[in-house]
Protein chains: 2
Amino acid sequence: MIHSAKNQLEESMQHAGRRLTPQRREVLEVLLSQRDHPTAVEVFLRVKSRIPSISLATVYNCLETLVKSGLVRQVNVERDASRYCPNLQEHSHFICEKCGKVFDIPLQPQAKPESVWQIPKGFKLTSFETTMRGTCSHCSK
Amino acid sequence: MIHSAKNQLEESMQHAGRRLTPQRREVLEVLLSQRDHPTAVEVFLRVKSRIPSISLATVYNCLETLVKSGLVRQVNVERDASRYCPNLQEHSHFICEKCGKVFDIPLQPQAKPESVWQIPKGFKLTSFETTMRGTCSHCSK
DNA sequence: CTAGGTGCAAAAGGTTTGCGGTTAA
DNA sequence: TTAACCGCAAACCTTTTGCACCTAG
């Protein structure tokens, strides 16, 4: 009861030896409130309406800090601008080739990579990142 | 017997309405002869030793043409420079976090994405691209 | 003859960095 | 007081583009 979400967030940051500044809080707030995988520039524009003095470089810095603190994931698709995602569950991304939207795709509870890939002997897999393409349910109709 | 590899290649290109120029042939040759997923600049340097007059822009153009003709795959990892790969089999990539090398990982014969991901109803998956991280067999020892 | 290619240099696009000034533990 | 952080501008790196010239079909 005593620990609000704000405090938990503050702790997450401090755990990584970083401050929770108004800019960082607002950047995260923007990501949490509209989960459409915005680019750094899109985040910049949204935050700017709340903190008009913020600069793009600061948004990049804040995003980097949030990523390093484990609160945000950076999503790279092709060579386009990076997108940012506050979903901390293990998941992949699906890009609809018709509408361009990015969807989060959760993994199966006990997904076994070996069922999809022939991983050579001796290789130790620690993580994998997948981008899927196709059409979303709305555009498939 | 009559059709040499060269002719098959030429046909692949012409099928896409493109010419097989010395530069394009050499770029592909470089990729085929050393399959270490080089960047465009690395390809440029290797080709330059055979065709000293070639320019980086031409290497980019050749790579793009080869990718569009389906002879080469472009591999994007994070925001690093793109790497190029002449392996046309369906496969993913594994990056060793110790030595940095990129390995091709074949898919299982009849891999079912649904065994790994919870793909929402109505979504039509046409392709997926995966980058794995971990340690290769050599570095795991 | 002309569409497709090449090489060069310049530009574009996304991201990072250096720096002087500011702020919070 | 001092390390972390901000905003600004310049730099950086990869990739693309415009253009004049060239070449194969």
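Chain A is the first sequence line, chain B the second, and so forth, proteins listed ahead of strands; every chain is numbered from 1.
- Of the residues listed (B/Arg83, B/Arg73, B/Glu42), the one engaging B/His37 in a side-chain contact (heavy atoms from CB on, under 4.5 Å) is B/Arg83, and it is the only one.
- The shortest distance between side-chain heavy atoms of B/His93 and B/Val77 does not fall below 4.5 Å.
- B/Gln23 comes within contact range of the sugar-phosphate backbone alone, with a heavy-atom separation under 4.0 Å but no base atom that close.
- Within 4.0 Å of B/Thr21, counting heavy atoms only, lie sugar-phosphate atoms of the nucleic acid but no base atom.
- A/Ala57 comes within 4.0 angstrom of a nucleotide base, judged by non-hydrogen atoms across all strands.
- In this structure, the CZ atom of A/Arg25 is 12 Å from the P atom of D/dC6, given to the nearest Å.
- If B/Ala40 and B/Gln14 are placed on DNA chain D by their nearest nucleotide, the residue sitting closer to the 5' end is B/Ala40.
- If you take CD of B/Glu42 and P of D/dT15, they are 11 Å apart, rounded to a whole angstrom.
- The minimum heavy-atom distance between B/Met13 and B/Ser69, with the atom names listed, is SD-OG, 3.9 Å.
- A/Ser82 comes within 4.0 angstrom of sugar-phosphate atoms only, judged by non-hydrogen atoms across all strands, and of no base.
- Put simply, chain B comes within 4.0 Å of DNA chain C, heavy atom to any atom, from C/dA3 to C/dT15, going 5' to 3'.
- Comparing B/Arg79 and B/Val59 along DNA chain C, the residue whose closest nucleotide (by nearest heavy atom) sits nearer the 5' end is B/Val59.
- A/Glu64 places its CD atom 16 Å from the C1' atom of D/dG7, with the value rounded to the nearest Å.
- Distance CZ (A/Arg18) to P (D/dA4): 10 Å, rounded to an integer number of Å.
- The distance from atom CG of B/Leu56 to atom P of D/dT15 is 9 Å, rounded to the nearest whole Å.
- Nucleic acid contact class of B/Ser53 (heavy atoms, under 4.0 Å, all strands): sugar-phosphate only.
- Applying side-chain contact (heavy atoms from CB on, under 4.5 Å) to A/Cys62 and the options A/Val43, A/Val27, A/Val72 leaves one that passes, A/Val27.
- Just one residue in the list B/Cys136, B/Ser140, B/Ser137 forms a side-chain contact (heavy atoms from CB on, under 4.5 Å) with B/Cys96, and that residue is B/Cys136.
- Side-chain nitrogen and oxygen atoms of B/Tyr60 include at least one within less than 4.0 Å of the OP1 or OP2 phosphate oxygen of D/dT15.
- Side-chain contact between A/Leu63 and A/Phe44 is absent, with no heavy-atom pair separated by less than 4.5 Å.
- Under the 6.0 Å cut-off for aromatic ring centres, B/Phe123 and A/Phe103 qualify, their centroids lying closer than that.
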